[in-house]
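Report on one structure; see the data block that follows.
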Amino acid sequence: MMTAKLAMASVRHRLGSFAGTFLTAFLAVALIAGSGLLLWSVLTAGPGADRFAAADAVVAGERSVVLTTATDKGDKVKVKTKDERLTGAQPLPQEVAGTVAATRGVAEAVADYAFPVALDVEGKPLGVPDATTVAHGWSSAALTPYPLREGAAPRTGEVVLQRQFGVHIGQTVRLTTRTGARDLRVAGVTEGDVPGQAAVFVTDSQVAELSGLTGPTAVGVRFESGVDGAAALTQLQNRLGGAATVYTGTDKVAGDLPGAVPDYIGAISIFGFVLGITGFAAVFVLIGTVSLAVRQRLRELALLRTAGATPRQLRRMLRMEISLVTLVAAVPGLPAGVLAAELIAGRFRELGAVPPQFTVSLNAIVLIAAVVLGLLVTVLATGVAASRAVRIMPTQALRETVTVGRVGRLPRTIVAAVLVAGAVAVLSLVPLGGPFGMGMGFVSCSLLLCAAAALGPILVGALTAVLSRLAALTGVLGRVAGAMTRAESRRVVGVAIPLTLMFAINATMLLNGDILSAVTAGQQATRMAPATIRVAATNAPGLPLATATQVAALPAVTGSAATLGTRVVVDEGGKPEDYAAQGLLATGERALDLGVTVGDLANLGDGAVAVSGPLAESRGWQVGDRPAFWLADSTRVELTVVAVYTNWRGFGDLVLPGGLVAAHDPRGLVNALYLRGAPDVASAVADRWPTLAATDAQDPRAGTADVQNQQAAWELMVVISLGFTAIAVVNTFAIATGARRREFADLRLAGATARQLHRMLGRETLITVAVALVLGCVISGAVVSTFSVAQDGQWRLFAEPLRYLEMLGGVGLLGVVAGAVPARIVIGRRSLPAIKG
């Protein structure tokens, strides 16, 4: 009880001394809470609103690829089931609707044909913000929350749109699907709204013509009144057998078209990475700040030991102090974390990195966990620092300088060696050129930072020995500053390591992102080098394959390559993995250079596939092999590998026949058409197809939107990390400088002027900042150069020299300012307050 009162009194009467720790704990709790809420929100996000709200059940095909593996463990068999959600839906056989309708207890079975479309009015794209435009047959409107507001049901050549499109009856809109583009008259407008979906309804008789579907994508079921629902469902599933799956309750939404249902897989990776970055930075800085704060109180702890306090009592007092400060900091920290989560989520929605429907969900467990983690870290850090500090003998209180026992070089070296070995293992064994390269780069950088912290006094001592001699060349004050940094290397460690963290972590993420963008842009330029013209739709996300074929048949065209983006699932040893792929339809001279190293793309006919080098290497595929794939609509095919190519970044890991993709991807549109031919090709395309844009294929802006969005997402993560670490650096400098008031007062009494103190501290700050930047450059350089080699075999420290220099200069300037401002405040105080104790 007495210890608790002493701790509370210490905090109450020494608020200024705890301000730095309070700020760090506040930021740590806020960031951990915010990033934790983001990850929790995507992990628990539902599939979206139920478009089949009026149905009792939905019959649909498989919406995921499910693989089950069994491993014999000797005494038991371990079974694992993995699944990967598809991006399309395979049509059901036409007879399924009749089978459902004939099942006992079913009152009504309504076939739903769902297919993505693009709308435009006089060449201007038409859509609903943050929503995917999906068309349906009019009969399925009865199952959905879209009552007719005005007008009439659609007939042939007509369409009904929901109110959010902002159209009026009688207006003409153009509807583009994989089967072509058609002008339709608006016959009616509906009420209602399903978040994330924009509804378009056409007459049932025209569905097959517009969609290219051979059957419904789902069947809505209504049971007869008074029928036992469970029994009816059992009978329905038995009659269907394996032809389809019955979805009920909240699972009904899973029967919708996959492209119209939000996919949070990518968002989980993004926010998991955000949590990793912020969590590591918060814990790392928090431990350093708390340890530094305890170290600054060595004289006070020595005096308490002289007064009779035991080491156990001092440790308990310090733990209670830091617990109190952390809990108080958590009060404003949690609301700040919620606000940060909202701001980050909003920006990621703008970039398209998360579904537009994504919202942040509050969760008390996540918020409590953030506080507990912050409290645990501060208490443990205090315990470690206090275990050394309280060993001070009472007689040390009589000395001018109080020091604490040092940890030997051997334990530090062993810990650092283990951490460096872990970083080397990650950099050498994990394929950094794959999808986990950026994340593994962060992990290896974190391990090297921890190693640098463990070797702090040793590394800093070696660097300050060199840098202090350079500072000595500036005169007496430089020699004094050098001597101070050599004598107080632990204080330099406490200030330099957060600055090292700031540079190394953020430079690694930013530079790796730059390198990835540069490699992608370089491969893209190489791919498009043979082409002279790139053709794309101006009013839709793509053009129908039939239109692309007509353009490629122009007399002035000597070669063409049409690409259709899609997703393909690959069996990765019992785990289905989703890969970006392209359908390719090429004619005449080569218009696209994929950098084929083995095989020939001329053999890319029906039943063939080309594979990127990294995927072929990881799966052990060679030309002639016949691996199995699942197409966007779950169709399983075995394709023969005919080529391996290297220019895959920004394109895809697989290249399939264009006709195969158009037939099995619900969108099925050509996203780009590359042409070779006479100079008048562009004008010929513009004259015949006014809605198509024919641009120079060598334009560096062509097709870079995805790369730019990806880079913007990485830069946002850097901003998040940079903001926290910048504040932490300023805070650390302030704590270290504030603790030297007695030292400054003694120097003033010895005759030093305020200007001399400022100049001496300026040189100390420069030495400290230089130490931090040297360590940061070494750590980030080791990771970035290895990452670069993994991408394309080239060794580089950066992709853009100016960006690197800006980062280096910005962090250095922050360190200089962070050291100068607290010094000016402390030294500028009159009456030498430090003399009073």
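Along the sequence shown, residues are numbered consecutively beginning with 1.
Look at Arg182 and Glu209 and you find a salt bridge, because one of the NZ, NE, NH1 or NH2 atoms lies within 4.0 Å of a carboxylate O, short of that distance. Glu158 and Arg155 are joined by a salt bridge, as a carboxylate oxygen and a charged side-chain nitrogen come within less than 4.0 angstrom of each other. Using a 4.0 Å cut-off between a side-chain N of Lys or Arg and a carboxylate O of Asp or Glu, Arg51 and Asp112 qualify as a salt bridge. Using a 4.0 Å cut-off between charged side-chain N and carboxylate O, Arg222 and Asp56 make no salt bridge. At a threshold of 4.0 Å, the pair Glu122-Arg174 does not count as salt-bridged, since none of the basic side-chain nitrogens sits closer than that to a carboxylate oxygen.
Aromatic ring pairs are classed by plane angle as parallel below 30°, tilted from 30° to 60° and perpendicular above 60°; the pair Phe201 and His136 is tilted.
The OG1 atom of Thr217 lies 11.5 Å from the CG atom of Asp633; values are rounded to the nearest 0.5 Å.
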Kindly indicate, with the supporting measurements, whether the criterion side chain to side chain donor-acceptor pair (under 3.5 Å) is fulfilled by Arg626 and Thr640. CA-CA 4 Å; Arg626 287 184 57 81; Thr640 303; 2.6 Å; yes
Pair Glu224, Arg104 - check salt bridge (Lys or Arg N to Asp or Glu O under 4.0 Å), show working. CA-CA 9 Å; Glu224 295 176 353; Arg104 182 181 302 175; over 6 Å; no
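No hydrogens or angles considered: a donor-acceptor pair under 3.5 Å links the side chains of Ser139 and Asp204. With 3.5 Å as the limit, one finds no donor-acceptor pair spanning the side chains of Thr691 and Thr538.
Residues forming a ring pair (Phe, Tyr, Trp, His ring centres under 6.0 Å) with Phe165 (at least two apart in sequence, or on another chain): none.
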